[in-house]
Amino acid sequence: MDKKVRVRFAPSPTGPLHIGGVRTALFNYLFARQNDGVMILRIEDTDSNRFVPGAEDYINEALQWLGIGIDEGVREGGNYGPYKQSERRDIYRKYVKQLLDDGKAYIAFDTPEELDAKRKEIANFQYDAKTRGMMRNSLTLPKEEVDALIAAGEKYVVRILIEPNQEVKVNDLIRGEVTVNSSVVDDKVLYKSADDLPTYHLANIVDDHLMEVSHVIRGEEWLPSAPLHVLLYEAFGWKDSMPQFVHLPLLLKPDGKGKLSKRDGDRLGFPVFPLEWHDPVSGDISSGYRERGYLPQAVVNFLALLGWNPGTDQEIFSMDELIKQFSFDHCSKKGAKFDFEKGKWFNHEYLINMDDAELAGIFKPELAKHGVDASQFTDEYITRAVGMIKSRISFVGDIWDNAKFFFQAPTEYAPKDIKKRWKEDTPETMHRLIEVIKGIDDMTSANAEEIVLGWIKDNELHMGNVMNAFRLTVVGECKGPHMFDIAELMGKDEIIARIERGIENIKPVTE
RNA sequence: GGUGGUAUCGUCUAGUGGCCCAGGACGCUGGCCUCUCACGCCGGAAACCGGGGUUCGACUCCCCGUACCACUACCA
């Protein structure tokens with residue numbers, strides 16, 4: 001019988017969770033939900049030097065915003081805690097001792113300076129079967145000296161003892177079997193002297209085992225250390241219950257080379273973080289998808305398709321559809337360049353399909369920011385205005401620029417459009433238009449259109465010139481929704497007032 | 001340098017030996033619609049890294065080369 005699916009997302013609280021991490025979390029979540037499994041959030045804070053206050057809260061908030069639910073974790077609780085590695089010291093100590101007692105690991109006294117010196121001295125130096133004999137460790141020093149050094153308070157680390165020349169096989173659900181010779185795996189530090197905490201490698205294996213993790217789904221950057229992890233499972237005697245490995249392709253920079261980094265966002269002008277981040281030390285602010293006006297569903301959809309595909313032409317997926325269709329069989333092996341333009345398109349799609357009233361609700365607070373008293377307008381008015389412009393924008397933040405004329409009469413008129421559409425005789429035509437509009441009893445779009453267009457035709461006026469001049473007075477420029485839809489919503493009085501203002505203020509461009 | 005991974009339009013990708021003179025999407029672009037800008041609709045340009053094999057047949061399998069990516073810390 002297969003064991004219960006239990007997966008974990010295990011970020012380090014060293015800063016804001018970046019978008020690649022979000023993608024890893026998402027894939028873990030999709031796989032867990034698909035298999036009625038458990039999603040664990042484990043905080044890997046074993047590097048006390050890099051701890052950043054606020055990072056843990058940020059991770060929780062970001063996952064919550066995106067709808068990536070956590071079943072077990074620091075906040076959620078669970079039967080496999082603690083879920084923060086810094087609170088598991090005693091556990092790690094016990095297992096390090098087990099390795100030491102079994103001769104699978106040893107103590108090493110080499111200082112960082114000594115190691116640096118060796119690296120400079122010997123090309124391609126690695127701490128392994130070939131070199132450990134020339135270092136200061138419990139394998140080369142007499143036992144009494146080792147004991148004496150420890151008793152004297154000498155700092156030491158624990159290293160894994162790697163047997164050379166073994167074929168280590170890592171079975172990966174995306175990449176198949178990867179074989180590495182153990183001779184190229186070094187005697188990695190398992191336990192650090194610097195902060196009396198294990199390294200990632202040890203903590204990771206112990207925790208995954210104790211938390212009964214069934215699938216380790218993580219970024220490809222971990223693939224090179226996967227053989228070490230397999231060897232650790234063997235050293236502990238846990239090989240039979242070892243989790244399945246899945247190494248996800250990386251998210252790459254849109255331009256040039258390398259994996260997407262935290263700094264690319266500001267350099268290239270798009271967010272690499274789900275939420276805006278205020279660095280507590282430097283005070284720097286990094287932009288976030290949420291603050292940029294992205295919808296969480298759009299971000300999820302976009303991310304899901306970076307490295308995974310459904311095998312069909314479907315592009316738009318709800319979370320539930322993703323959960324149903326997700327599969328490692330359709331995960332790419334290749335790193336994906338991050339395409340901001342496509343992300344924009346996804347957001348546009350979600351915006352268009354969003355209910356007008358809901359979108360209006362999100363937009364409403366923006367009015368005050370632009371000095372508009374929202375109480376002057378009914379919710380229905382705002383909803384209809386938003387509904388008219390949503391097809392021409394990508395972000396919630398774009399609404400104001402495109403819809404502001406609904407809430408305030410133009411104070412400036414686009415010179416380019418004036419030049420093209422505002423002629424010597426235009427004011428007179430506009431005066432006549434006012435009279436026509438005054439005579440309309442029913443301002444319903446279709447009706448008003450029929451009357452005005454009929455008048456233009458009967459008088460053999462130029463349709464384009466009249467309508468665009470009309471638009472110029474109401475909108476301030478030659479763009480926007482259907483003119484009579486605008487007129488219907490704003491009402492006769494407002495429309496007439498704006499035409500009058502236009503006649504007053506628009507001066508033909510001479511030259 | 002060493003080790004591992006990867007290699008289809010500019011980008012995300014479909015393709016698991018014949019259905020592919022390679023399909024979809026973003027972006028770009030021509031047209032239609034139209035009072036404008038968009039949306040939408042219809043069309044277009046655009047790719048199998050190179051060389052050897054294997055095979056009746058290779059984008060698909062194998063080998064070599066090349067390129068790219070990752071790792072190579074008492075960081076994760």
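Quick caveat, the model's predicted, so the values are computed rather than measured. Proteins get letters first, then strands, A, B, ... in listed order; numbering begins at 1 in each.
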Look at the side chain of A:Met467 and decide which nucleotide, out of B:rU72, B:rC35, B:rG10, has an atom nearest to it.
-> B:rC35

Given B:rA76, B:rC26, B:rU13, which nucleotide is nearest the side-chain atoms of A:Ala336?
-> B:rU13

Would you say B:rC35 has OP1 or OP2 under 4.0 Å from some side-chain N or O of A:Asn468?
-> no

Aromatic contact, A:Tyr200 with A:Trp222 (centres under 6.0 Å) = yes

A:Phe270 and A:Phe338: aromatic ring centres closer than 6.0 Å?
-> yes

Mind checking the P distance from B:rC39 to B:rC28? Whole angstroms is fine.
-> 10 Å

Quantified in whole Å, what is the C1' atom distance between nucleotide B:rC9 and nucleotide B:rC71?
-> 31 Å

Taking atom P of B:rU13 as reference, at what distance in whole Å does atom CH2 of A:Trp308 sit?
-> 12 Å

Hey, does A:Asp313 reach any base, or is it just sugar-phosphate, or nothing, if we go heavy atoms under 4.0 Å?
-> sugar-phosphate

Are side-chain N/O atoms of A:Arg23 and A:Asn28 paired as donor and acceptor at under 3.5 Å?
-> no

Write down the partner of B:rC41 under the Watson-Crick or G-U wobble criteria, each distance required to be under 3.5 Å.
-> B:rG31

So is A:Arg159 actually on top of A:Tyr127's ring, under 6.0 Å and inside 45° of the axis?
-> yes

Write down the distance separating the P atoms in B:rC20 and B:rU34, rounded off to the nearest Å.
-> 38 Å

Please determine, by modelled atom types, if A:Asp356 and A:Thr383 share a side-chain donor-acceptor pair under 3.5 angstrom.
-> no

In whole Å, what separates the P atom of B:rA25 from that of B:rC64?
-> 39 Å

Taking B:rA76, B:rC74, B:rC26 as options, the one with an atom nearest any side-chain atom of A:Val189 is B:rC74

Using only side-chain N and O atoms of A:Lys337, determine if any of them is under 4.0 Å from OP1 or OP2 of B:rG10.
-> no

Is the distance between the ring centroids of A:Phe27 and A:Trp308 under 6.0 Å?
-> no

Under 4.0 angstrom, heavy atoms only, what part of the nucleic acid is A:Ser193 near: base, sugar-phosphate, or nothing?
-> base

Using the C1' atom as the reference point in each nucleotide, state the distance between B:rU55 and B:rU60 in Å, no decimals.
-> 13 Å

Send over the distance from A:Asp186 CG to B:rC71 P, rounded to a whole Å.
-> 15 Å

Residue A:Arg471, side-chain atoms from C-beta onward, closest of B:rA25, B:rU36, B:rG40 | B:rU36

Between A:Asp485 and A:Asn181, name the one whose nearest nucleotide on RNA chain B is closer to the 5' end.
-> A:Asn181

Please tell me which of the listed nucleotides, B:rC35, B:rA73, B:rA14, lies nearest to the side chain of A:Asn309?
-> B:rA14

Tell me: NZ of A:Lys344 to P of B:rA25, nearest whole Å?
-> 20 Å

Between A:Tyr83 and A:Asp207, a side-chain donor and acceptor under 3.5 Å | no

Check the pair A:Lys188, A:Thr199 against side-chain contact (heavy atoms from CB on, under 4.5 Å), reporting the backbone distance first and the verdict last.
-> CA-CA 9 Å; A:Lys188 273 270 177 304; A:Thr199 57; over 6 Å; no

Which part of the nucleic acid does A:Lys259 contact within heavy-atom distance under 4.0 Å: base, sugar-phosphate only, or nothing?
-> sugar-phosphate

Pairing partner (Watson-Crick or G-U wobble, both distances under 3.5 angstrom) of B:rU11 | B:rA25

Could you give me the CA-CA distance, side-chain angles and deciding distance for A:Lys342 and A:Glu315, then say whether salt bridge (Lys or Arg N to Asp or Glu O under 4.0 Å) is met?
-> CA-CA 11 Å; A:Lys342 188 129 188 189; A:Glu315 297 261 2; 3.7 Å; yes

Using a 4.0 Å heavy-atom cut-off across all strands, classify A:Met463 as base, sugar-phosphate, or nothing.
-> sugar-phosphate

What nucleic acid atoms does A:Pro481 come within less than 4.0 Å of, heavy atoms only: base, sugar-phosphate, or nothing?
-> base

With heavy atoms under 4.0 Å as the rule, sort A:Ala194 into base, sugar-phosphate or nothing.
-> base

How far, in whole Å, is B:rA58 from B:rA46 if one measures between their P atoms?
-> 25 Å

Which part of the nucleic acid does A:His330 contact within heavy-atom distance under 4.0 Å: base, sugar-phosphate only, or nothing?
-> sugar-phosphate

Side chains of A:Asn347 and A:Ser394, donor plus acceptor under 3.5 Å = no

Hunt down the Watson-Crick or G-U wobble partner of B:rG1, both distances under 3.5 Å, from any strand shown, or write none.
-> B:rU72

Euclidean distance, atom CG of residue A:Leu433 to atom C1' of B:rC35 [Å, nearest integer] = 12 Å

When the aromatic ring centroids of A:Tyr92 and A:Tyr191 are compared, is their separation below 6.0 Å?
-> no

Is the distance from OP1 or OP2 of B:rA76 to the nearest side-chain N or O of A:Lys192 less than 4.0 Å?
-> yes

How far does the C1' atom of B:rC59 sit from the matching atom of B:rG23, given to the nearest Å?
-> 13 Å

Using a cut-off of 4.0 Å on non-hydrogen atoms, how would the nucleic acid contact of A:Arg218 be classed: base, sugar-phosphate, or nothing?
-> nothing

Counterpart base for B:rG65, defined by Watson-Crick or G-U wobble contacts under 3.5 Å = B:rC49

Remember a base hit wins even if backbone is also touched, and classify A:Val157 as base, sugar-phosphate or nothing at under 4.0 Å, heavy atoms.
-> base

Could you give the CZ-to-P distance, from A:Phe270 to B:rC12, as a whole number of Å?
-> 13 Å

Closest nucleotide among B:rG4, B:rA73, B:rA76 to the A:Val180 side chain = B:rG4

Taking atom P in both B:rC26 and B:rC49, what distance in whole Å separates the two?
-> 24 Å

Atom-pair distance (CG on A:Leu305; P on B:rG27), nearest Å | 15 Å

State whether the distance check finds a donor on one side and an acceptor on the other, under 3.5 Å, for side chain A:Lys342 versus base B:rA25.
-> yes

Counterpart base for B:rU54, defined by Watson-Crick or G-U wobble contacts under 3.5 Å | none

A:Glu315 side chain, from C-beta outward: closest of B:rA25, B:rG4, B:rU13 = B:rA25

Name the closest nucleotide to the A:Phe484 side chain, picking from B:rC35, B:rU36, B:rC74.
-> B:rC35

Please determine if a side-chain N or O atom of A:Thr199 lies less than 4.0 Å away from the OP1 or OP2 oxygen of B:rA76.
-> no

Tell me what A:Asp110 touches on the nucleic acid: a base, only sugar-phosphate, or nothing, going by heavy atoms under 4.0 Å.
-> base

Within this structure, what is the NZ-to-C1' distance between A:Lys333 and B:rU8, rounded to whole angstrom?
-> 14 Å

Have a look at A:Gly307 and say if it touches a base, only the backbone sugar-phosphate, or nothing, with a 4.0 Å heavy-atom cut-off.
-> sugar-phosphate

In whole angstrom, what separates A:Met388's CE from B:rU34's C1'?
-> 17 Å

Side-chain N,O (A:Arg421) to OP1/OP2 (B:rU36) below 4.0 Å | no

Hey, does A:Ser332 have a side-chain heavy atom less than 4.5 Å from the side chain of A:Asn309?
-> no

Taking RNA chain B as the partner, which of residues 220-228 of chain A come within under 4.0 angstrom of it by heavy atom?
-> A:Glu220, A:Glu221, A:Trp222, A:Leu223, A:Pro224

